[in-house]
Amino acid sequence: MMVRTISVVLAVLASALAVAAPAQIVVRGLFQQAALLEIDGRQQLLRAGQRDSSGILLVSATPREAVVDIEGRRKTLTLSKHIGAKYSEPSSSSVSLLKNSNKEYRTRVSINGQSADALVDTGATSVAMSSSQADQLGIFYRDGVPTSVATAGGIKPAFGIMLSRVEVGDIKTQQVAAVIIEGDYPHIILLGMSFLEHIDLQERDNILVLTPRY
């Protein structure tokens, strides 16, 4: 009887250890209704409503934050934030972007302190935006260098300027070349090579990882 009791206790303990909460969770990427989590050193892409093998449930996610459920308790996490006593700050912060249905990598960007949507475009030589977008962001561009660019609608007048700050997540750059195109084109800000030249890009399984160069 004693042997059987000990076996039962050991089985219960093994079961408890199998579902024990992970020691460390780090948010590596945030998307609409999905998040890339690093759980005890293992990266896992979860969609809203999906549970990891360790028991972590992703309740919801936006490009700004993720809500996770751990043993019935909900926590709100932002990019690079963590849960767990064993966590140590990484040497560099990376941003992960999930390819959308249009096969694009989109993200939120902060330009001179103002937030907007942007598209990663390795084919653009510089950051590009329409004059309408520049006006919304409070960017003064008419004192810039007059130029012209070819668009789908023909040749358009534009202005070359320098942006004081461009930030994506924890990636921060200063004095980034940009072109402001008269009119409403492009419809979304293009993050071109004047920003991306400061970034290491790694694409895998429809996820693009941006890591700053130091």
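Since the model is a prediction, treat every value here as computed from it, not as a measurement.
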The reported gap from CD1 in Ile161 to CG in Asp143 (rounded to nearest 0.5 angstrom) is 10.5 Å

Backbone N/O of Arg165 and side chain of Asn112: donor-acceptor pair under 3.5 Å: yes

Taken in chain and number order and not counting sequence neighbours, the residues that satisfy ring-ring contact (aromatic ring centres under 6.0 Å, His included) with Tyr105 are none

Tell me if a side-chain donor or acceptor on Ser126 pairs with a main-chain N or O of Gly192 at a distance below 3.5 Å.
no

Exactly one candidate in Leu191, Leu190, Leu137 meets side chain to side chain contact (heavy atoms under 4.5 Å, CB included) with Met129; the answer is Leu137

The reported gap from NZ in Lys172 to NE2 in His198 (rounded to nearest 0.5 angstrom) is 15.5 Å

One should read off an interatomic distance between Ser94 OG and Asp170 CG, to the nearest 0.5 angstrom, of 9.0 Å

- Item | Full working for side chain to side chain contact (heavy atoms under 4.5 Å, CB included) between Thr122 and Leu201 | CA-CA 10 Å; Thr122 57; Leu201 304 176; 4.0 Å; yes

Is there a side-chain contact between Phe31 and Leu45 in this structure, where contact means two heavy atoms from C-beta onward sitting under 4.5 Å apart?
yes

When you compare the side chain of Arg42 with that of Asp52, does any pair of heavy atoms fall below 4.5 Å? yes

query = Are Ile39 and Ile70 grouped together when hydrophobic residues (ILVMFWY) are joined by side-chain heavy atoms under 4.5 angstrom apart?
reply = yes

**Asked** Between the main-chain N or O of Val127 and the side-chain N or O of Ser194, is there a donor-acceptor pair closer than 3.5 Å?
**Response** yes

So CE of Met193 and OG1 of Thr125: to nearest 0.5 Å the spacing works out to 9.5 Å

request  = For the residue pair Leu46 and Gln44, establish whether any side-chain heavy-atom pair is separated by less than 4.5 Å.
outcome  = yes

**Message:** I'd like to know if the side chain of Thr147 reaches the main chain of Gly160, judged simply by a donor and an acceptor atom lying under 3.5 Å from each other, with no hydrogens or angles considered.
**Reply:** no

Salt bridge present between Asp117 and Arg106 (N-O < 4.0 angstrom): no

Output for pair (Glu65 CD, Thr76 OG1), nearest 0.5 Å, gives 5.5 Å

Requested in this report: Please check if the side chain of Ser132 supplies one atom and the backbone of Gly183 the other of a donor-acceptor pair under 3.5 Å.
Outcome: yes

*Go through Leu37 and Val27 one step at a time and tell me if the side chain to side chain contact (heavy atoms under 4.5 Å, CB included) criterion holds.*
CA-CA 5 Å; Leu37 304 179; Val27 179; 4.0 Å; yes

task: Would you please test Phe159 and Ser131 for side chain to side chain contact (heavy atoms under 4.5 Å, CB included) and show each step?
output: CA-CA 9 Å; Phe159 296 88; Ser131 59; over 6 Å; no

message: Strictly distance-based, threshold 3.5 Å: is any side-chain N or O of Asp205 a donor or acceptor partner for the main-chain N or O of Ile207?
response: no

Exactly one candidate in Gln202, Lys99, Glu203 meets side chain to side chain contact (heavy atoms under 4.5 Å, CB included) with Leu208; the answer is Glu203

Min side-chain heavy-atom separation Gln50-Leu58 under 4.5 Å | no

- Task: Would you tell me whether Ser130 and Asp184 have side-chain atoms, one donor and one acceptor, within less than 3.5 Å of each other?
- Result: no

Donor-acceptor pairs under 3.5 angstrom involving side-chain atoms of residues 175-182: please list them, not counting sequence neighbours.
unit_1	atom_1	unit_2	atom_2	d
Glu182	OE2	Arg142	NH1	2.7
Glu182	OE2	Arg142	NH2	3.3

Steps toward side chain to side chain contact (heavy atoms under 4.5 Å, CB included) verdict (Ile155, Val149):
CA-CA 6 Å; Ile155 303 298; Val149 297; over 6 Å; no

### Query
Within the side chain of Gln136, is there an N or O that forms a donor-acceptor pair under 3.5 Å with the backbone of Gln133?
no

Determine whether a donor-acceptor pair (N or O, by modelled atom type, separation under 3.5 Å) exists between the side chain of Asn102 and the backbone of Glu104.
no

In Ile189, Leu98, Val168, the residue satisfying side chain to side chain contact (heavy atoms under 4.5 Å, CB included) with Thr107 is Val168

Tested for side chain to side chain contact (heavy atoms under 4.5 Å, CB included) against Phe195, the lone hit among Val166, Val109, Ile111 is Val166

Could you state whether Val120 and Ile171 fall into the same hydrophobic cluster, counting links through intermediate Ile, Leu, Val, Met, Phe, Trp or Tyr residues with side-chain heavy atoms under 4.5 angstrom apart? yes

Taken to the nearest 0.5 Å, the spacing of Ile25 CD1 from Leu77 CG works out to 7.0 Å

task = Decide yes or no for Lys75 and Val68: does some side-chain heavy atom of the first lie under 4.5 Å from some side-chain heavy atom of the second?
result = yes

Closest non-hydrogen atoms of Ala34 and Ala61, given as atom of the first, atom of the second and distance, are O-CB, 3.4 Å

